[in-house]
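Along the sequence shown, residues carry numbers from 1. First listed ligand is number 1; within each ligand, the first listed atom is number 1.
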Amino acid sequence: MFAHKVGVTKEQVLEALRGVMDPELHRSIVELNMVKEIAIQDGSVRVDALLTISGCPLRETIIDSIKAKVKELPGVARVDVNLGVMTQEQRQALVGQLRPGPQKQSPLLSPTSTTRVIVVASGKGGVGKSTVTTNLAIALARRGRIAGIADADVYGFSIPHMLGVQGKPTIIDQMIIPLEREGVRVISMGFMVDENEAVIWRGPMLHKAVTTFLGEVYWGDTQELLIDLPPGTGDVSLSIAQTLPRAEMLIVTTPQ
Ligand SMILES: Nc1ncnc2c1ncn2[C@@H]1O[C@H](COP(=O)(O)OP(=O)(O)OP(=O)(O)O)[C@@H](O)[C@H]1O
Ligand SMILES: [Mg+2]
């Protein structure tokens, strides 16, 4: 008697794909409706998946993790991945799923948010705020916490430099996805402006920029969010205190 060879099923492939996370959104690609089609012929599996935006910098990572997960299934000899791009409607549906509620507001601004917000401030400049912010975030990440940094120092963005991260964040339908470095999610207003562009902020414009910035970034399941402030008690500090009344404050001083 011959043992009957049972091929892999679409259900099994879909189940395996639940373990593939979108590298930016940290959610399963199945849950995010990014899997469009699965086709199986003998031992060959083809997965058609949809990226949120074209030119996604992490497309190779997604392809590799899909291949790795599906290859683990018995009876799979070959895996091909085709990547397409979501339509505007699909993107809006995804943002709606990540940000339920009529305003699509960041949960960070809601009183029920589970993210602990720590604002790093000082009375004067150059005392080590950005250094403390960076090191604290990395230390938290190394202890297994999901840590993030929002660089709100609109006068001198030093976080990207200190963490060694540069580039433009992905924006999905006005939702800004933080970049990542050393396991720390990071967003800087410096990512939003041109490197050589001198920015002169005026009060009301600055308030708008800071609140928009805080409201539009997708922090997801971030546990500790550190906000690096410019020195002093200026407009940015006031805007942040108004926007995030639950925030705790860490004051950096020098022993003089
Ligand atoms: N504990 C420390 N001991 C000695 N030097 C430090 C310490 N922490 C930071 N520095 C140095 O002090 C300088 C200012 O640090 P940093 O940029 O972190 O300060 P800041 O408060 O963020 O400044 P700014 O007000 O300009 O944003 C840097 O050159 C940094 O390397
Ligand atoms: Mg600083």
Can you list every pair where an N/O of ligand 1 is under 3.5 Å from an N/O on the protein?
| unit_1 | atom_1 | unit_2 | atom_2 | d |
| --- | --- | --- | --- | --- |
| ligand 1 | 18 (O) | Ser130 | N | 3.4 |
| ligand 1 | 18 (O) | Thr131 | N | 2.8 |
| ligand 1 | 18 (O) | Thr131 | OG1 | 2.4 |
| ligand 1 | 19 (O) | Gly128 | N | 2.9 |
| ligand 1 | 21 (O) | Val127 | N | 3.1 |
| ligand 1 | 21 (O) | Gly128 | N | 3.0 |
| ligand 1 | 21 (O) | Lys129 | N | 2.9 |
| ligand 1 | 21 (O) | Lys129 | NZ | 2.8 |
| ligand 1 | 22 (O) | Lys129 | N | 3.4 |
| ligand 1 | 22 (O) | Ser130 | N | 2.8 |
| ligand 1 | 22 (O) | Ser130 | OG | 2.8 |
| ligand 1 | 23 (O) | Gly126 | N | 3.2 |
| ligand 1 | 25 (O) | Gly126 | N | 2.9 |
| ligand 1 | 25 (O) | Lys129 | NZ | 2.8 |
| ligand 1 | 27 (O) | Asp153 | OD2 | 3.2 |

* Contact check, side chains of Ile227 and Ile118, non-hydrogen atoms, under 4.5 Å -> no
* Asked: Looking at residues at least two apart in the chain, or sitting in another chain, which of them share a salt bridge (Lys or Arg N to Asp or Glu O under 4.0 Å) with Glu216?
  -> none
* So does Arg185 pair up with Asp221, basic N to acidic O under 4.0 Å? -> yes
* Closer than 2.8 Å to the Mg ion (ligand 2), do we get an N, O or S atom from Ser130, backbone or side chain? -> yes
* To do: Could you walk me through whether Val186 and Ile159 pass side chain to side chain contact (heavy atoms under 4.5 Å, CB included), step by step?
  => CA-CA 8 Å; Val186 54; Ile159 297 291; 3.7 Å; yes
* How about Gln174: does its CD atom have over 12 heavy atoms from other parts shown lying under 6.0 Å from it? -> no
* Between CZ on residue Arg116 and CZ on residue Arg246, distance to nearest 0.5 Å -> 11.0 Å
